[in-house]
Colleague: 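Sharing a structure below in structure tokens format, with a few things to ask.
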Amino acid sequence: MTNTDQNKMLQMELKHGVVKIKLRPDLAPLAAERLLTLSQQGFYDDTPFHRVIEGFMAQGGDPSGTGTKGSDLPDLKAEFTKAESFHRGMIGMARTMDPNSANSQFFIMFDNAPHLDGQYTIVGQVIEGMEFVDQIKRGGGANGMVNDPDRIIKMSVINE
């Protein structure tokens with residue numbers, strides 16, 4: 001990330017309102033750069049929150065809505081930290097069982113989840129509009145898959 005990228009944030013437009021996300025390149029420079037790049041390309045526009053679990057998190061970033069796809073860019077190496085904790089409003093990078101498989105999918109925490117600390121990459125945090133994240137349609141069953149899910153209308157890069 002360049003110095004000018006250090007002050008960039010994401011603005012995520014949802015049907016209920018606008019969410020502002022402060023990226024954390026200090027914790028995860030590769031993941032922060034990936035979210036900036038994909039947002040600038042319009043990759044996240046109209047993508048669903050395909051997996052949403054009450055009291056845990058909302059996951060999006062897969063245009064297919066299946067939770068099995070990502071961008072055409074290569075997967076990222078893990079940037080795990082214990083310097084920060086997964087708490088309400090934190091943004092993490094989703095991955096498979098392979099720690100180095102994060103790509104485009106991310107999740108937003110509804111509540112604290114200390115069991116994720118040091119196991120997933122923290123890439124940012126919601127600094128405005130968490131009340132709109134709270135309104136994202138929830139899924140059912142153990143995996144939280146959502147029928148007719150809410151979508152990101154537009155995700156763009158803004159300056160702080």
Colleague: Once salt bridge (charged side-chain N to carboxylate O under 4.0 Å, His left out) is applied, what residue pairs with a partner in residues 69-85 remain, sequence neighbours excluded?
Modeller: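 For residues 69-85, and leaving out neighbouring residues, the salt bridge (charged side-chain N to carboxylate O under 4.0 Å, His left out) pairs sorted by first residue read Arg24-Glu84.
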Colleague: Suppose clustering is done on Ile, Leu, Val, Met, Phe, Trp and Tyr with side-chain heavy atoms closer than 4.5 Å. Which residues sit in the same group as Val18?
Modeller: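 Answer for Val18: none, a lone residue.
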Colleague: Checking one residue: Phe80. Which other hydrophobic residues are in its cluster under the side-chain 4.5 Å linking rule?
Modeller: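 Direct or chained contacts put Phe80 with none.
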Colleague: Testing the basics here: between Gly70 and Phe43, what is the closest heavy-atom pair and its distance to 0.1 Å?
Modeller: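 For Gly70 versus Phe43, the nearest heavy atoms are C-CZ, 4.0 Å.
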Colleague: Output yes when a side-chain donor or acceptor of Gln40 lies under 3.5 Å from a complementary backbone atom of Val157, and no otherwise.
Modeller: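 Judged by distance alone, no pair lies under 3.5 Å.
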Colleague: Working to the nearest 0.5 Å, report the span between NE2 of His50 and CD of Gln59.
Modeller: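 Atom-to-atom, His50:NE2 and Gln59:CD are 4.0 Å apart.
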Colleague: Would you indicate whether Asp98, at its atom CG, is surrounded by more than 12 heavy atoms from other residues, nucleotides or ligands within a distance under 6.0 Å?
Modeller: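 Result for CG/Asp98: enclosed.
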Colleague: Please give the remaining members of the hydrophobic cluster of Ile153, linking ILVMFWY side chains under 4.5 Å, ordered by chain and number.
Modeller: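 Members alongside Ile153: none; it stands by itself.
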Colleague: Going by ring-ring contact (aromatic ring centres under 6.0 Å, His included), name the pairs with one or both residues in residues 126-147, residues two or more places apart or in two chains.
Modeller: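 For residues 126-147: none.
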Colleague: Please check: side-chain N/O of Arg95 versus main-chain N/O of Ser101, any donor-acceptor pairing under 3.5 Å?
Modeller: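 Checked: no pair found.
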Colleague: Main chain of Asn147, side chain of Lys137: is a donor-acceptor contact present, judged purely on distance under 3.5 Å?
Modeller: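 The answer is yes, because a donor-acceptor pair under 3.5 Å joins these two groups.
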Colleague: Can you measure from NZ (Lys8) to OG (Ser39) and round to the nearest 0.5 angstrom?
Modeller: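 One gets 11.5 Å once the value is rounded to the nearest 0.5 Å.
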Colleague: From Thr47 OG1 over to Lys154 NZ, what is the distance, rounded to the nearest 0.5 angstrom?
Modeller: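 Taking OG1 in Thr47 and NZ in Lys154, the distance rounds to 11.5 Å.
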Colleague: Without placing hydrogens or testing angles, list every side-chain donor-acceptor pair under 3.5 Å for residues 106-119, not counting sequence neighbours.
Modeller:
unit_1, atom_1, unit_2, atom_2, d
Asn112, OD1, Arg88, N, 3.2
Asp117, OD1, Ser85, OG, 3.4
Asp117, OD1, Phe86, N, 2.8
Asp117, OD2, Ser85, OG, 2.7

Colleague: Check this for me: does any side-chain nitrogen of one of Arg138 and Glu54 sit under 4.0 Å from a carboxylate oxygen of the other?
Modeller: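 A salt bridge links Arg138 with Glu54.
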